[in-house]
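What follows is a set of notes on a single structure, which appears directly below.
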Amino acid sequence: MQCRETNDLIMKYFDHDISELEIEMLLKHNEKCPGCALEFDAMKEALSALEELPLLEVPEGFEAKVLESIRMRDAAVNHAQSLVFWLIGILGLIIFACNMMSFVIIPYIRDSGILLIAQNVIIYAVTGVLELLREALVTLSLSVGKLLILRNVLLRDYMDAVMMVVFAFVGMNLLLISKLKLQEDWEGLRNEF
Amino acid sequence: MNASDIEIINRCLGGEVDAFGTLIERYKRAIFNTAFRMMGNREEAEDISQEAFIRIYNSLSRYNPEYKFMTWALKITTNLCLDNLRKRKAETVPIDDGFELKDGKDTPEEEYIRKENQLRVQKAINQLPDKYKEFLILFHHQNLSYQEIMDITGESLTIVKNRLYRARQMLKETLMHSEKEDDAYAVQGNK
Ligand SMILES: [Zn+2]
């Protein structure tokens with residue numbers, strides 16, 4: 001048997017896929033061939049060291065930790081989902097409202113002429129208010145004019161009265177002065193004589 | 001109590017989170033030990049095992065009953081390990097011998113030798129390229145068949161056989177090399 005074939009047998013040996021007969025062939029070859037024997041022994045040592053590595057105990061509380069994280073994640077996912085559903089709901093409502101406005105309510109208003117009526121009402125109301133304002137302004141100016149006229153009349157009467165009193169006073173004084181003068185003149189004449 | 005995996009999976013899918021505890025109980029040893037031998041230390045192994053079970057739970061609805069549950073769970077685990085190995089920087093990771101005292105049968109010297117040997121093998125595994133490491137651990141530590149390894153890795157029989165062959169050679173070389181180093185060190189120490 002060749003070394004190449006032995007090499008295959010060595011692999012079959014460690015694959016745990018080798019017959020009794022093949023093991024016998026392998027060992028027989030190894031007795032005569034130190035190279036293959038060394039290869040086989042070194043491999044056997046390495047792999048049994050690997051296979052004999054102990055299985056470790058899993059740390060305490062492992063299940064509990066995993067289940068806890070799963071529950072927390074589920075809760076977070078549910079929370080996020082309900083939030084998303086809320087947002088979608090609100091968004092849907094807004095979109096519905098917009099659609100109602102642009103496709104139902106506004107066309108209805110346009111078609112029914114409410115808009116035109118409303119426009120007319122507004123124009124009527126505005127002109128009415130303007131009319132009222134103008135009337136109020138005119139009335140105010142008229143009243144003010146009347147008041148002014150009235151005041152002028154009163155003022156004139158008052159002035160007249162005052163003037164009359166002043167004239168009367170001045171006339172009376174003049175009369176008194178002239179009377180006194182006449183009296184003095186008369187007495188002077190009487191003394192001359 | 002002895003419900004089949006499929007029965008338990010269906011209960012989990014029906015919303016019974018606690019039923020998943022039974023599946024964890026059944027497979028945690030294989031998952032944790034595979035992760036431990038791939039990563040070389042307990043902390044990373046525990047984190048990866050937890051993450052693996054969470055991923056398994058989240059994708060239970062995609063489980064294909066044609067495969068063994070164990071195969072599928074190990075596929076998720078080894079993928080996580082390979083991702084983490086790719087991301088990490090080799091120097092920064094501590095190697096843990098994973099040593100646990102046996103029930104007092106061995107003398108302290110025997111315990112010490114056993115511990116040193118295990119550490120040496122784990123170091124040798126850590127030195128292997130990731131894609132060879134995986135095949136070696138699945139076959140020689142988890143005792144899986146070629147078919148199972150093909151299912152886990154998604155590789156053909158030829159590639160599985162080839163990788164395993166190369167991985168065994170590499171492990172043998174690494175261990176022989178480290179043995180020589182140890183001998184040289186021992187001789188130096190004795191001088
Ligand atoms: Zn030979």
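Remember, predicted model here, so these are calculated numbers, not experimental data. In what follows, every chain begins at residue 1, and chains take the letters A, B, ... in the order their sequences are listed.
Taking each heavy atom of Asn58(B) and Arg73(A) in turn, the nearest pair found is ND2-NH1, 3.4 Å. Of all non-hydrogen atoms in Asn33(B) and Pro54(A), the two that sit nearest each other are OD1-O, 4.0 Å. In this structure, Glu63(A) and Lys28(B) approach most closely via the heavy-atom pair OE1-NZ, 3.1 Å.
Both the backbone and the side chain of Leu136(B) come within contact range of chain A, each with at least one heavy atom under 4.5 Å from a heavy atom of that chain. Using a 4.5 Å cut-off between heavy atoms, Ser49(B) touches chain A through backbone and side chain atoms alike. Proximity to chain A (any heavy atom under 4.5 Å) is restricted, for Glu51(B), to the side chain, taken from C-beta onward. The contact between Asn7(A) and chain B is made entirely by side chain atoms (from C-beta outward), counting heavy-atom distances below 4.5 Å. For a residue to count as touching a neighbouring chain, one of its non-hydrogen atoms must lie under 4.5 Å from one of that chain's; by this rule Glu25(B) touches chain A with backbone and side chain alike. For chain A, no part of Ile137(B) is nearby; none of its heavy atoms comes within less than 4.5 Å.
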* **Steps toward side chain to side chain contact (heavy atoms under 4.5 Å, CB included) verdict (Met11(A), Lys161(B))** => CA-CA 9 Å; Met11(A) 279 304 127; Lys161(B) 279 190 164 175; over 6 Å; no

* To do: Report the C-alpha distance between Asp18(B) and Arg71(A) in whole Å, list the side-chain angles of each, state the deciding distance to 0.1 Å, and finish with yes or no for side chain to side chain contact (heavy atoms under 4.5 Å, CB included).
  => CA-CA 10 Å; Asp18(B) 286 323; Arg71(A) 285 206 185 87; 2.5 Å; yes

* **Stepwise side chain to side chain contact (heavy atoms under 4.5 Å, CB included) check, Met176(B) with Glu45(A)** => CA-CA 10 Å; Met176(B) 277 165 75; Glu45(A) 199 186 313; over 6 Å; no

* Test Glu57(A) against Arg29(B) for salt bridge (Lys or Arg N to Asp or Glu O under 4.0 Å), laying out the working first. => CA-CA 7 Å; Glu57(A) 287 305 318; Arg29(B) 259 171 93 82; 3.0 Å; yes

* Val121(B) and Glu52(A): side chain to side chain contact (heavy atoms under 4.5 Å, CB included), yes or no, with the steps? -> CA-CA 10 Å; Val121(B) 176; Glu52(A) 280 162 17; over 6 Å; no

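Put simply, CG on Leu56(A) and CZ on Phe32(B) are 5.5 Å apart, with the number rounded to the nearest 0.5 Å. Taken from CZ in Phe40(A) to NZ in Lys172(B), the straight-line distance is 12.0 Å, to the nearest 0.5 Å.
Using cut-offs of 30° and 60° on the angle between ring planes, the pair His16(A) and His140(B) is perpendicular.
Chain A forms more heavy-atom pairs under 4.5 Å with one residue of Ile54(B), Leu175(B), Ile31(B) than with any other, namely Ile54(B). Between chain B and the residues Ala42(A), Ala49(A), Pro59(A), the most heavy-atom pairs under 4.5 angstrom are made by Pro59(A). Comparing Asp74(A), Asp17(A), Val66(A) by how many heavy-atom pairs each has under 4.5 Å with chain B, the most go to Val66(A).
By the 6.0 Å contact criterion, CD on Gln81(A) is enclosed, its count of non-hydrogen atoms from other residues, nucleotides or ligands being greater than 12. Within 6.0 Å of the CZ atom in Arg11(B), the count of heavy atoms belonging to other residues, nucleotides or ligands exceeds 12. Residue Glu16(B) qualifies as enclosed at atom CD: its count of foreign heavy atoms under 6.0 Å is above 12. Taking a 6.0 Å sphere around OH of Tyr146(B), one finds it holds more than 12 heavy atoms contributed by other residues, nucleotides or ligands.
Side chains of Glu39(A) and Gln169(B): a donor-acceptor N/O pair is present below 3.5 angstrom, by distance only. A donor-acceptor contact closer than 3.5 angstrom is absent between the side chains of Asp15(A) and Tyr165(B).
Clustering ILVMFWY residues whenever any of their side-chain heavy atoms sit less than 4.5 angstrom apart, transitively, puts Leu13(B) in the very cluster that holds Leu23(B). Both Leu27(A) and Met43(A) are assigned to one and the same hydrophobic cluster, defined by single-linkage of ILVMFWY side chains at heavy-atom distances under 4.5 Å. The hydrophobic cluster containing Ile18(A) also contains Phe14(A), counting ILVMFWY residues as joined when their side-chain heavy atoms lie under 4.5 angstrom apart, directly or transitively. Note on Ile9(B): it does not cluster hydrophobically with Tyr67(B), by side-chain heavy-atom contacts below 4.5 Å among ILVMFWY residues. Taking hydrophobic clusters as Ile, Leu, Val, Met, Phe, Trp and Tyr residues chained together by side-chain heavy-atom distances below 4.5 Å, Leu93(A) does not share a cluster with Met101(A).
Residues Phe53(B) and Phe62(A) place their aromatic rings such that the two centres sit under 6.0 Å apart.
Side chains of His141(B) and Leu55(A) form a contact here, defined as non-hydrogen atoms less than 4.5 Å apart.
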